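Notes follow the structure.
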Amino acid sequence: MINKYLKNSFNYINYFTLACIIPIGYFAPLGEWLLLSLISVATLINAFINNDKINLNNLLIFIFSILVICISYFWSINPDRTYEVIGPISGIIIAIFISLNITAKNKIFKIDNVIGVPLLLVSLCIFLDMKFNTEIRSSLALLVGDEPTSRSANFGRGIIILIMIMPFSVALYLNSGKIFLALSVLILVSIIVIIGPNHSAKIALLIATFSALIIYFLGPRSFLYFFLISIIFILLLPIISTKLLPSIGNIKKNNYYDIPWQETALGGSIIHRLLVWEYVGNQVSNKPLKGHGAGTSRMMGQNIILNVPNTKREIKGGIPLHPHNNFLEIWLELGFLGIIAIILLWVKIIRYGIKKRKESYIIGTGICSSIVTIFIISNLSFGVFQAWWMSSIALIFLVIFQSNNNKNINS
């Protein structure tokens, strides 16, 4: 009786966690790591009580990742900073391992609605906030003493969560024959991304749409080609950022108002990233094998002045907290050892996507498209070791893995 009660309680935790991924992503994105912590702790307790066999798949990759982060302390340019972040980063990695290797085997019924319904409701809230200034999010933030920030900060993280999980959610509804709900998710999220302030999400939406069509019609081999291109890109990223991207930033092209494109709103965001990536790429070349130490990005280039090409503008700071590119940050902080760790994990992810595409046209396409979207966002925004960002990606993959247990998946 007690074991049955406990089992039901843990099932409720699973449902609650998955259903909250998207609402938390918009209303309190920094709380994503709390969701991951909740489900990982609950999973461990459940496994201990029921003497469940723990799946140790990919354990060596996770151990290697933590080891690389820990040993970076010995050659860190700021050992105190590295020592400060080793514990939190390692803790998140352990929670990710627990969630993806143990929790993922739990059966979640009607997972399409568990994800889709919150996605639709949150999308509606975001749309109302953006289009009609209803201030739903701001009002809730004020209740907990959080002052509203910029428009981009208010909507940015929530929109990113939506666009990453949207392809898979659409696929789940299509696979269940719920065409109207699938179209509702696709159209509503697309509208939000288009009218929203997050340019990274716009790029991700465009690429996700094309990748979905390519992967659906050309099959798993197209996803393999994406893998090969992505690996080459990751390995050559320091060179690309210092040799290729600066030439793009120096292009002289005026718009209708006869001002440099670098001075427009979108152009300012693009050129800032290009200049930061160039600076980071140059720093990577100084310590390409071992890196500068985990967590040291925000300590570098504070007094550097970046000159915006074709303008008189200057940007203070070589790195604004982080490089806004996950793979460049790994190169910078953990060097080639860190890149080896992420590539090993990336190989596992791609193999999983190829396997799912072979099993199902619809679900496989949704999974692969969400993976492509995550890859694009990872190259444009956020710090790779931000707890909420690591947790968000892990929770999205948890949702994807849960689809394996859905009996309604069609091949």
Side-chain angles (χ1 to χ4, degrees), residues 22 25 29 119 152 155-171 185-186 189-190 192-194 196-216 218 222-238 240-241 244-245 248 266 269-274 276-277 280 322-331 339 342-343 345-347 349-350 352-354 357 364-386 388-397 399-400:
I22 299 167
L119 191 154
S152 178
F155 299 113
R157 291 186 177 94
I159 292 176
I160 288 298
I161 298 295
L162 290 185
I163 190 61
M164 290 195 301
I165 205 169
M166 183 267 285
F168 182 62
S169 179
V170 171
V185 169
L186 176 62
V189 173
S190 297
I192 290 171
V193 170
I194 292 170
N198 194 296
H199 301 304
S200 298
K202 291 179 173 64
I203 296 172
L205 174 63
L206 179 64
I207 295 178
T209 301
F210 279 107
S211 65
L213 294 173
I214 292 171
I215 293 167
Y216 182 83
L218 299 185
S222 61
F223 199 56
L224 176 61
Y225 292 149
F226 161 72
F227 165 70
L228 296 175
I229 294 172
S230 66
I231 287 295
I232 294 172
F233 177 80
I234 292 171
L235 291 173
L236 298 182
L237 192 51
I240 293 173
S241 65
L244 177 61
L245 297 184
I248 297 175
L266 176 59
S269 176
I270 293 174
I271 193 62
H272 189 190
R273 275 170 169 72
L274 295 180
V276 169
W277 294 340
V280 173
H322 53 77
H324 288 280
N325 184 300
N326 288 188
F327 302 105
L328 263 182
E329 184 174 350
I330 293 173
W331 266 112
I339 290 299
I342 197 66
I343 285 178
L345 185 60
W346 189 235
V347 169
I349 292 172
I350 295 297
Y352 179 82
I354 292 174
R357 176 58 186 82
T365 297
I367 290 173
C368 292
S369 299
S370 281
I371 291 172
V372 172
T373 306
I374 291 172
F375 179 79
I376 297 302
I377 298 297
S378 296
N379 278 285
L380 297 173
S381 296
F382 310 119
V384 65
F385 296 124
Q386 288 180 294
W388 82 271
W389 177 241
M390 296 174 69
S391 300
S392 297
I393 295 176
L395 290 169
I396 290 174
F397 274 109
V399 172
I400 290 173

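This is a predicted model, so every value here is computed, not measured.
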So, taking the atom named [atom1] in [X] and the one named [atom2] in [Y], what distance separates them when rounded to the nearest 0.5 Å?
{"X": "I330", "Y": "L328", "atom1": "CD1", "atom2": "CG", "value": "10.0 Å"}
{"X": "S378", "Y": "I342", "atom1": "OG", "atom2": "CD1", "value": "8.0 Å"}
{"X": "I240", "Y": "L245", "atom1": "CD1", "atom2": "CG", "value": "7.0 Å"}
{"X": "I214", "Y": "F223", "atom1": "CD1", "atom2": "CZ", "value": "12.0 Å"}
{"X": "I163", "Y": "I207", "atom1": "CD1", "atom2": "CD1", "value": "10.5 Å"}
{"X": "I376", "Y": "I371", "atom1": "CD1", "atom2": "CD1", "value": "12.5 Å"}

What pairs with [X] under ring pair (Phe, Tyr, Trp, His ring centres under 6.0 Å), at least two apart in sequence or on another chain?
{"X": "F375", "answer": "F226, F327, W346"}
{"X": "F397", "answer": "none"}
{"X": "H199", "answer": "none"}
{"X": "W388", "answer": "F382"}

_Keeping S369 on the side-chain end and T365 on the backbone end, is there a donor-acceptor pair under 3.5 Å?_
yes
*Is S241 reaching over with its side chain to a backbone N or O of P238, donor-acceptor style, under 3.5 angstrom?*
yes
Check: [Y] and [X] side chains under 4.5 Å, non-hydrogen atoms:
{"X": "F227", "Y": "I349", "answer": "no"}
{"X": "I270", "Y": "I248", "answer": "no"}
{"X": "L237", "Y": "N325", "answer": "yes"}
{"X": "L274", "Y": "I271", "answer": "yes"}
{"X": "P167", "Y": "T373", "answer": "yes"}
{"X": "L119", "Y": "I165", "answer": "yes"}
{"X": "V276", "Y": "H324", "answer": "no"}
{"X": "I339", "Y": "I234", "answer": "yes"}

With sequence neighbours left out, write down each residue that passes side-chain hydrogen bond (donor to acceptor under 3.5 Å, both in side chains) with [X], or none if nothing qualifies.
{"X": "S200", "value": "S381"}
{"X": "W389", "value": "N326"}
{"X": "S222", "value": "none"}

Please report the shortest heavy-atom distance between [X] and [Y], naming the atom on each side.
{"X": "E329", "Y": "F385", "answer": "OE2-CD1, 3.9 Å"}
{"X": "G196", "Y": "I159", "answer": "CA-CD1, 4.2 Å"}
{"X": "I374", "Y": "M164", "answer": "CG1-SD, 3.6 Å"}
{"X": "C368", "Y": "I215", "answer": "CB-CD1, 3.5 Å"}
{"X": "V280", "Y": "P323", "answer": "CG2-CB, 3.8 Å"}

[X]: side-chain contact (heavy atoms from CB on, under 4.5 Å) partners, not counting sequence neighbours:
{"X": "F210", "result": "L206"}
{"X": "L186", "result": "M166, V170, S190"}
{"X": "I232", "result": "L236"}
{"X": "S391", "result": "E32, W33, L36, I92"}

*Derivation of the side chain to side chain contact (heavy atoms under 4.5 Å, CB included) call for I400 and Y352*: CA-CA 10 Å; I400 290 173; Y352 179 82; 3.7 Å; yes
_N198 vs V193, side chain to side chain contact (heavy atoms under 4.5 Å, CB included): CA-CA, chis, key distance, verdict_ = CA-CA 7 Å; N198 194 296; V193 170; over 6 Å; no
